[in-house]
Asker: 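Can you read through this structure? Questions will come right after.
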Amino acid sequence: MSPTATSTQAPGRLVALAPGTFRIPERLGLPVHLLGARCRACGETFFPKRVFCANCSSDSLEEVEMPERGQVQTYTVVHQQLPGSAMVPPYAIVRIALPNGVAVQTVMVEGDLASLAIGDVVDLVAGRIMEDDAGNTLISYLARKAQTEKDEVRGA
Amino acid sequence: MSPTATSTQAPGRLVALAPGTFRIPERLGLPVHLLGARCRACGETFFPKRVFCANCSSDSLEEVEMPERGQVQTYTVVHQQLPGSAMVPPYAIVRIALPNGVAVQTVMVEGDLASLAIGDVVDLVAGRIMEDDAGNTLISYLARKAQTEKDEVRGA
Amino acid sequence: MRDVVVLGAGLHRFGRFPEKSLQAMGREAIKNALDDAGVPFKDIEVAYVGRVLAGMGAGLNVVSELGQTGIPVVNIEMACGSSTSAFREAYLMVANGVYDTALVVGFEKMQRGMLQIAEQKSYGTVMGLSVMPASYALQAQRYMADHGATPEMFAQVSVKSHRNGALNPYAQYQTEVTIEEVLASRTIAAPITLLQCSPTTDGAAAVVICAKEKAGKYAARRSMTVAGWATGSGKYVPKSHDEGDAEVNTGEVTRLARIAYERAGIGPEDVDVTQVHDAFSPGEIFTIEGLGLVGEGEGARAVWEGRTEINGDIPVNTDGGLLSRGHPIGATGAAMVTEIFRQLTGEAGPRQVKDGNAKVGLIQNAGIGGVNVLVFKR
Amino acid sequence: MRDVVVLGAGLHRFGRFPEKSLQAMGREAIKNALDDAGVPFKDIEVAYVGRVLAGMGAGLNVVSELGQTGIPVVNIEMACGSSTSAFREAYLMVANGVYDTALVVGFEKMQRGMLQIAEQKSYGTVMGLSVMPASYALQAQRYMADHGATPEMFAQVSVKSHRNGALNPYAQYQTEVTIEEVLASRTIAAPITLLQCSPTTDGAAAVVICAKEKAGKYAARRSMTVAGWATGSGKYVPKSHDEGDAEVNTGEVTRLARIAYERAGIGPEDVDVTQVHDAFSPGEIFTIEGLGLVGEGEGARAVWEGRTEINGDIPVNTDGGLLSRGHPIGATGAAMVTEIFRQLTGEAGPRQVKDGNAKVGLIQNAGIGGVNVLVFKR
Ligand SMILES: [Zn+2]
Ligand SMILES: [Zn+2]
């Protein structure tokens with residue numbers, strides 16, 4: 001089972017599972033703009049951030065926000081429990097091509113795995129992953145199919 | 001505290017901690033002849049056994065018994081508890097030169113560490129190390145100062 | 001650089017040997033390789049050892065089983081590509097005259113269960129992303145969409161692999177499987193099922209190499225020459241045209257294969273037999289494309305049509321590959337060299353390709369950290 | 001073989017950095033070395049990485065922080081001697097024309113507590129024999145009996161080491177200690193007390209090397225040339241005249257030092273500054289004898305008389321050595337090269353030996369699996 005992005009049970013403070021990868025939204029389900037880096041020397045953009053540019057090794061990079069919407073480049077449905085993982089199979093891993101050329105890999109929020117397809121438009125939204133020992137809610141960015149009639153994520 | 005070689009509390013079967021290094025004696029405290037290997041090609045002797053000769057790489061080796069008596073080549077008194085070890089500091093590690101040229105490193109049986117000296121004549125005797133889960137007594141070869149008046153080991 | 005020849009190779013059977021020490025397994029492989037080469041251990045001037053999970057100093061612990069001659073023992077690690085890395089380093093040293101005769105060893109005792117690529121508590125683990133076959137599966141899904149391939153075609157890689165393994169007395173799996181069995185086995189990461197994943201394996205492999213100009217004294221029955229090599233890690237492609245991770249990155253394979261072909265003075269059409277890194281079934285399909293043995297998008301169909309079978313025109317993983325011979329990560333690359341040696345010397349028995357007339361052999365072996373390509377000629 | 005020069009070197013401070021990643025530490029050391037050398041990362045053609053405890057593919061994980069140029073990243077392991085092994089491999093490749101410019105990196109994050117050399121449940125552990133300083137202690141006890149040395153002389157190694165560390169802003173310990181403090185610290189294995197044991201350390205070190213004929217374009221301010229090398233493992237001495245284990249085996253050091261001196265065309269009397277493997281205090285005493293810097297049995301007295309001090313005639317471990325600079329096992333060797341570079345280029349500041357006129361530097365670095373000796377000339 002994939003995690004949900006709309007769970008009301010978020011008892012503790014929202015804390016990023018991977019600190020610094022995005023700004024913490026007010027509540028679960030909201031879109032997240034991933035925080036990457038853009039090389040001032042060659043213009044390449046990276047996520048996650050880098051200290052030196054992968055392309056030209058410059059250390060002059062600035063923080064940039066990634067678009068929150070992209071397209072599914074490819075996906076797979078995982079049926080094997082990874083020891084230590086908060087994800088319970090079956091769940092889908094997707095690779096999302098963002099309009100700025102960056103590819104992001106993450107997990108789909110709970111939904112119909114069967115209808116998932118290459119080319120689907122998806123949004124990156126904040127979802128609950130697990131609680132930490134201090135009672136905080138650890139969150140990360142998850143992929144959710146964009147709503148065609150009404151984009152609830154944007155309308156929220 | 002070093003282990004004792006004369007403990008009466010040996011409830012289970014005697015089993016070698018390092019199987020094959022010596023023949024199990026009838027009881028603790030008896031001398032043990034370590035089982036090494038002699039190269040038929042070049043005559044070198046090894047303990048522990050080898051499949052190929054360290055000196056000439058021949059694979060024609062025969063089992064040979066080591067002398068049970070040797071001399072302390074050097075020693076050190078350990079004051080640090082090694083995690084996972086059955087030895088409780090302080091205990092002495094000794095390197096013993098056997099008359100056949102082989103050097104053996106082991107622990108002294110309980111005794112006066114202060115009087116230990118390079119050149120001391122020592123016997124290799126069976127001593128209790130620990131019990132295993134099946135209740136067997138795991139034993140190994142330990143060094144014990146040879147008795148000058150009456151060699152109790154030999155006289156036993 | 002001098003010509004360097006492989007004089008002999010040897011294996012310890014791949015499989016599960018919980019009761020056997022690394023020393024015992026490595027000793028047997030080295031002894032087999034030395035005997036196969038007719039080279040006494042005392043003539044070995046250096047050992048390069050591929051191993052991953054064994055502790056500090058594992059190389060010397062194993063190599064010194066054969067004797068304590070004082071030689072350097074260099075431990076090399078590149079995950080699943082460790083012992084082709086060790087082979088390459090040894091080769092370059094001998095080619096450049098630093099040593100005349102070298103031993104290459106690979107060994108591993110694996111933990112049971114699926115290979116973990118990330119640490120517990122890492123982001124990738126908690127998020128369920130670090131599932132080993134997932135990167136292959138992601139590429140396979142896209143490949144199916146782009147090239148009209150089917151899950152059956154991926155499954156066929158494993159069917160062919162097991163058929164070859166059944167002919168290899170050193171393989172972990174020596175039993176054939178049907179395509180139905182492969183497809184019906186538990187799905188790990190779609191379209192990859194359990195029987196399309198390499199098993200956890202214990203094993204050891206060893207290879208003896210020598211400067212060709214110094215090899216005469218061993219009256220070697222036969223040998224093969226190292227003809228080309230290339231190695232590298234993932235190269236950044238501007239504008240984030242990400243080709244996937246190094247483990248299955250056909251972009252890297254293509255780049256490095258070109259270098260290796262050029263050094264060997266051949267092209268992909270000259271290759272008679274190939275060993276590729278099929279840790280998961282898509283590996284064979286992607287890699288034969290990356291190596292240029294078939295065109296882009298033609299790999300799955302080539303497997304399906306039997307072209308990579310022992311009797312096909314581009315035989316691949318004739319010994320069962322990682323999927324059936326097994327994948328003790330530090331030993332895999334040296335086992336690949338061993339099989340190419342058997343094939344190019346006409347000693348592959350029931351697995352022999354091209355009626356014993358194979359002249360060029362190719363190896364691709366990948367690991368976290370890079371890809372190795374090696375070319376051999378009879 | 002072509003001449004090979006060291007163009008630059010850099011460190012991440014040695015110490016305990018539980019909050020800092022290997023990537024961050026390695027990145028800083030590499031950046032410092034590249035800047036010191038005036039070589040851009042894109043010119044690096046290969047990286048050789050010494051690391052022991054980090055997981056699979058750690059070398060690439062660290063090196064690719066600087067950029068993804070597709071270079072091979074070769075992970076080398078020889079326990080405490082890993083990054084001199086990495087240096088030697090890189091050197092031989094450049095000397096033989098395989099690459100022109102190479103990066104050598106060493107890094108480690110250590111577990112806290114005494115370094116464990118054997119696995120739990122191993123015979124050596126259960127029997128209490130695998131106590132790391134025990135092998136040094138056994139030799140030290142015998143040495144005291146044979147040569148009339150005293151525990152104070154061993155303690156003096158640590159006093160001198162801490163004095164040098166106090167002059168090194170990259171050292172883990174930058175505070176002097178008195179001989180009374182060293183002797184009064186807890187005994188680990190007599191005569192070795194706690195302050196005579198190298199600490200557990202996190203750290204990283206990097207070195208940039210280049211073919212001398214290609215180095216002109218970097219307009220290097222200065223460089224040093226690799227003049228000699230030797231490496232090997234314990235050689236069996238017939239009739240079991242056991243010289244002890246490789247970690248402190250002066251027999252091995254003597255054998256290998258002779259080879260390195262011969263290759264460098266020098267003798268021990270030509271050496272101006274030396275780095276030796278003082279994982280425990282006896283290491284310095286035994287090794288300066290093994291290297292021939294003093295006669296057999298004269299090492300302890302040489303230390304006691306101050307001959308190995310920075311202003312002595314045979315300065316040793318001018319940066320504090322393993323005992324005070326720290327000993328992150330994979331990084332130690334590359335840090336030794338860094339200090340020799342500072343000394344031979346006259347940039348060692350308050351640690352500078354021989355008024356900046358040092359011309360020959362020597363390194364001995366040992367690990368489970370062997371001993372490395374390297375000779376450098378200005
Ligand atoms: Zn850039
Ligand atoms: Zn022999």
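Atoms considered below: every heavy atom in the structure, side chains included; atoms not considered: hydrogens, waters and symmetry mates. Note on naming: letters A, B, ... go to the chains in the order of the sequence lines (proteins, then strands), and numbering restarts at 1 for each one.
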Asker: Is it true that atom NZ of B:K49 has more than 12 heavy atoms of other residues, nucleotides or ligands lying nearer than 6.0 Å?
Answerer: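 For B:K49, atom NZ is crowded (more than 12 foreign heavy atoms under 6.0 Å).
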
Asker: Let me know if B:F47 has heavy atoms under 4.5 Å from chain D in its side chain, its backbone, both or neither.
Answerer: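 Neither part.
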
Asker: For B:Y91 and D:M127, work out which heavy atoms get closest and say how close.
Answerer: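 It is CE1-O, 4.5 Å.
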
Asker: What pairs with D:E77 under salt bridge (Lys or Arg N to Asp or Glu O under 4.0 Å), at least two apart in sequence or on another chain?
Answerer: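 Result, salt bridge (Lys or Arg N to Asp or Glu O under 4.0 Å) vs D:E77: C:R51.
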
Asker: Decide yes or no for D:T193 and B:H79: does some side-chain heavy atom of the first lie under 4.5 Å from some side-chain heavy atom of the second?
Answerer: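 Side chain of D:T193 against side chain of B:H79, heavy atoms only: no contact under 4.5 Å found.
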
Asker: Using atom types as modelled and distance alone, determine if a side-chain donor or acceptor of B:T74 lies under 3.5 Å from a backbone N or O of D:Q139.
Answerer: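 No, because the side chain of B:T74 does not come within donor-acceptor range (under 3.5 Å) of the backbone of D:Q139.
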
Asker: Quick check: closest heavy atoms across B:P83 and D:T125, and the distance to 0.1 Å?
Answerer: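 Result for this residue pair: O-CG2, 3.3 Å.
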
Asker: Answer with side chain, backbone, both or neither: which region of B:I93 has an atom nearer than 4.5 Å to a non-hydrogen atom of chain D?
Answerer: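 Both parts, backbone and side chain.
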
Asker: Working to the nearest 0.5 angstrom, can you tell me the gap between D:L138 CG and B:I118 CD1?
Answerer: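 So the gap between those two atoms works out to 9.5 Å.
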
Asker: Would you say D:Y123 and B:S140 are linked by a side-chain donor-acceptor pair, where the criterion is simply a distance under 3.5 Å?
Answerer: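 Indeed, the side chains of B:S140 and D:Y123 share at least one donor-acceptor pair under 3.5 Å.
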
Asker: For chain D, which residues from residues 59-67 of chain B lie under 4.5 Å away (heavy-atom distances)?
Answerer: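 None at all.
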
Asker: CZ of B:R38: more than 12 outside heavy atoms within 6.0 angstrom?
Answerer: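 More than 12 within 6.0 Å, yes.
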
Asker: For B:K145, check salt bridge (Lys or Arg N to Asp or Glu O under 4.0 Å) against everything at least two apart and list the hits.
Answerer: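 Once residues adjacent in sequence are excluded, the partners of B:K145 under the salt bridge (Lys or Arg N to Asp or Glu O under 4.0 Å) criterion are B:D120.
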
Asker: I'd like to know whether CZ of B:R23 has more than 12 heavy-atom contacts from other residues, nucleotides or ligands below 6.0 angstrom.
Answerer: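 Not more than 12 within 6.0 Å, no.
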
Asker: Quick one: list whatever passes salt bridge (Lys or Arg N to Asp or Glu O under 4.0 Å) with D:D146, sequence neighbours left out.
Answerer: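 With sequence neighbours excluded, D:D146 shows a salt bridge (Lys or Arg N to Asp or Glu O under 4.0 Å) to D:R142, given in chain and number order.
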
Asker: Among D:T187, D:L129, D:I192, D:V131, which residue satisfies the side-chain contact (heavy atoms from CB on, under 4.5 Å) criterion with B:V78?
Answerer: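 That would be D:V131.
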
Asker: Can a donor-acceptor pair be found, under 3.5 Å and without considering hydrogens, that links the side chain of B:T76 to the backbone of D:A190?
Answerer: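 Judged by distance alone, yes, a pair lies under 3.5 Å.
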
